[in-house]
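Quick notes on the structure that follows.
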Amino acid sequence: GIPEDHPESYHRYMFDNFFKHIDISPDNVNILNGNAPNLKKECEDYEAKIKEAGGIELFVGGIGPDGHIAFNEPGSSLVSRTRVKTLAQDTILANARFFGGDINAVPKQALTVGVGTVMEAQEVLVLITGANKSYALYKAIEEGVSHMWTVSAFQQHGNTLMVCDEDATLELRVRT
């Protein structure tokens, strides 16, 4: 619901931190439109675009300290599709710092690709940095698959690479 050019919009974030640094035409960038008049239709159309393009070849994402991937908060279905998702209170609190500390300015919902959508990607690359993500990495790879730690779903994906810095590995029990 925030404008695309808002400094804290995902659209702006992706352009500032990724798309403007690579050779891609803006016409080839497909980001969900959180200001679409019909959000449910926006999500359905996005799924259709993915299918029309032949699927996702490479999904690149990070995780939250609670193990969420994209905005698939703890408790999200592991077969979910692109949809409107209500954000967890922890996510809202964590993002208040980007909105001058004003929790009321933080969006309460987001559009997100579902875990099931991402699981259909040919390849998945998950970037995990920092000690604050170390417990989530532990849950993702050393415990079972759980909808409470959505990143753990990638245990069942045939072609996932998790790239971590040393701090992110602090909670791992198996030292490899």
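- Residues that satisfy the side-chain contact (heavy atoms from CB on, under 4.5 Å) test with Ala153, not counting sequence neighbours, are Leu78, Val115, Met119.
- Contact annotation: the side chain of Glu52 never approaches that of Asp45 to less than 4.5 Å [non-hydrogen atoms, C-beta and beyond].
- Applying the salt bridge (Lys or Arg N to Asp or Glu O under 4.0 Å) test to Glu142 and every residue at least two apart in sequence or in another chain returns nothing.
- Taking the side chain as every heavy atom from C-beta outward, Val113 and Phe59 approach each other to under 4.5 Å.
- With hydrophobic clusters built from ILVMFWY side chains whose heavy atoms lie under 4.5 angstrom apart, Tyr138 shares a cluster with Phe154.
- Glu8 and Tyr13 share no side-chain donor-acceptor pair at under 3.5 Å.
- Scanning both residues, Ala168 and Cys164, for their nearest heavy atoms gives CB-CB, 4.1 Å.
- A salt bridge between Glu120 and Arg81 is present, with a side-chain N of the basic residue lying under 4.0 Å from a carboxylate O of the acidic one.
- Between the Asn35 side chain and the Ile2 main chain, a donor and an acceptor come within less than 3.5 Å of each other.
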Discussion item. Working note: Leu93 + Ile103, criterion side-chain contact (heavy atoms from CB on, under 4.5 Å); need CA distance, chi angles, decisive distance, verdict.
Written reply: CA-CA 6 Å; Leu93 288 170; Ile103 194 168; 3.2 Å; yes
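- With hydrogens and angles disregarded, a donor-acceptor distance shorter than 3.5 Å links the side chain of Tyr46 to the backbone of Asn30.
- Distance check: Thr91 OG1 to Lys108 NZ gives 12.0 Å after rounding to the nearest 0.5 Å.
- For Asn33, there are no side-chain hydrogen bond (donor to acceptor under 3.5 Å, both in side chains) partners at least two apart in sequence or on another chain.
- Without hydrogens or angle criteria, Ser80 side chain to Gly114 main chain gives no donor-acceptor distance under 3.5 Å.
- Looking at Leu87 and Glu73, their side chains come closer than 4.5 Å, going by heavy atoms from C-beta outward.
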Discussion item. Gln122 vs Asn159, test: side-chain contact (heavy atoms from CB on, under 4.5 Å). Steps then yes/no.
Written reply: CA-CA 7 Å; Gln122 292 175 36; Asn159 198 4; 5.9 Å; no
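- Between the NZ atom of Lys85 and the CG atom of Asn72 there is a distance of 7.5 Å, given to the nearest 0.5 Å.
- Side-chain contact check for Val118 versus Ile56: every heavy-atom pair is 4.5 Å or farther apart.
- Shown here are the side-chain contact (heavy atoms from CB on, under 4.5 Å) partners of Ser152, two or more places apart in sequence or in another chain: Val145, Ser146, Trp149, Gln155.
- Within 6.0 Å of atom OH in Tyr10, 12 or fewer heavy atoms from other residues, nucleotides or ligands are found, so the atom counts as exposed in its surroundings.
- Leu125 belongs to a hydrophobic cluster with Leu58, Val60, Leu127, Leu161, Val163, counting contacts under 4.5 Å between side-chain heavy atoms of Ile, Leu, Val, Met, Phe, Trp and Tyr, direct or through other members.
- The closest side-chain heavy-atom distance from Lys40 to Val84 is not below 4.5 Å.
- Taking 4.5 Å as the limit, every side-chain heavy atom of Ile31 sits out of range of all side-chain heavy atoms of Arg12.
- Taking OG of Ser76 as the reference point, atom CZ of Arg83 lies at 4.5 Å (rounded to 0.5 Å).
- Looking at heavy atoms from C-beta onward, Glu42 lies in side-chain contact with Leu32 at the 4.5 angstrom threshold.
- Across Thr150 and His147, no two heavy atoms sit closer than the pair CG2-O, 3.5 Å.
- Grouping the Ile, Leu, Val, Met, Phe, Trp and Tyr side chains by contacts below 4.5 angstrom, directly or via other members, places Leu137 with Met148.
- The ring of His6 has its center no closer than 6.0 angstrom to the ring center of Phe98.
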Fill in: side-chain contact (heavy atoms from CB on, under 4.5 Å) evaluation trace for Leu172 with Ile141
CA-CA 9 Å; Leu172 295 179; Ile141 63 174; 3.8 Å; yes
Side chains of residues 62-69: which donor-acceptor partners sit under 3.5 Å, not counting sequence neighbours?
unit_1 : atom_1 : unit_2 : atom_2 : d
Asp66  : OD1    : His68  : N      : 3.2
Asp66  : OD1    : His68  : ND1    : 2.5
His68  : NE2    : Ala70  : O      : 3.4

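- The shortest side-chain heavy-atom distance between Leu111 and Thr82 does not fall under the 4.5 Å cut-off.
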